[in-house]
Each structure stands twice: as C-alpha cells, then as structure tokens.
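Keep in mind that the numbers below use all heavy atoms, side chains included, and drop hydrogens, waters and symmetry copies.
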Amino acid sequence: MSPAQLKKLQELSQVFSQGKANPKQIQQLSALLAQINLNNEEEQAAKSETVSFIAAPRFG
C-alpha cells in the first residue's frame, strides 16, 4: 500500500467511524480497497513466480 493510499484510507476511516460517510465517500472507499487488493494480488503473483533453486554440486 502506498503512502497516498494509506492516507486516503485513514481519512475515509475517520469519516466512516463518525457515521458521516456520503455516497461519494462510500464509492471512494470501495475503489480504494479494490485497488489495494489488486496490488496485493499482483505482489503475491510476482512472489510465486520467482524461481528458487539450489545449484547441484560439481564433482570432479
């Protein structure tokens, strides 16, 4: 999660906790969470694609 995403999430969280969220803010939160989830899925996919290997010993 980027610093900008974290800041926006904190701002929206505060509005929601006060019970003052309007439809636009609900939509912003939904879009932000979708973006964060997509980024996390892409990071997980990149990690699983990383190939790890141990070189075979050389004899001789």
_Test item: Gln14 side-chain N/O and Glu11 main-chain N/O as donor-acceptor pair under 3.5 Å_ = no
_Non-hydrogen side-chain atoms of Leu9 and Leu29 separated by less than 4.5 Å_ = yes
*Leu33 and Val15: same hydrophobic cluster, using ILVMFWY side-chain contacts below 4.5 Å?*
no
*Would Gln28 and Leu12 count as a side chain to side chain contact (heavy atoms under 4.5 Å, CB included) if you check the C-alpha gap in whole Å, the side-chain angles of each, and the deciding distance to 0.1 Å?*
CA-CA 8 Å; Gln28 287 176 338; Leu12 290 170; 3.7 Å; yes
*Output the distance between atom OG (Ser13) and atom CD (Gln18), rounded to the nearest 0.5 Å.*
9.5 Å
*CE of Met1 to CD of Glu43: how many Å apart, nearest 0.5 Å?*
10.0 Å
*Roughly how far apart are Asn22 CG and Gln27 CD, rounded to 0.5 Å?*
10.0 Å
*With side chains defined as the heavy atoms from C-beta onward, is the minimum distance between Ile36 and Gln5 less than 4.5 Å?*
yes
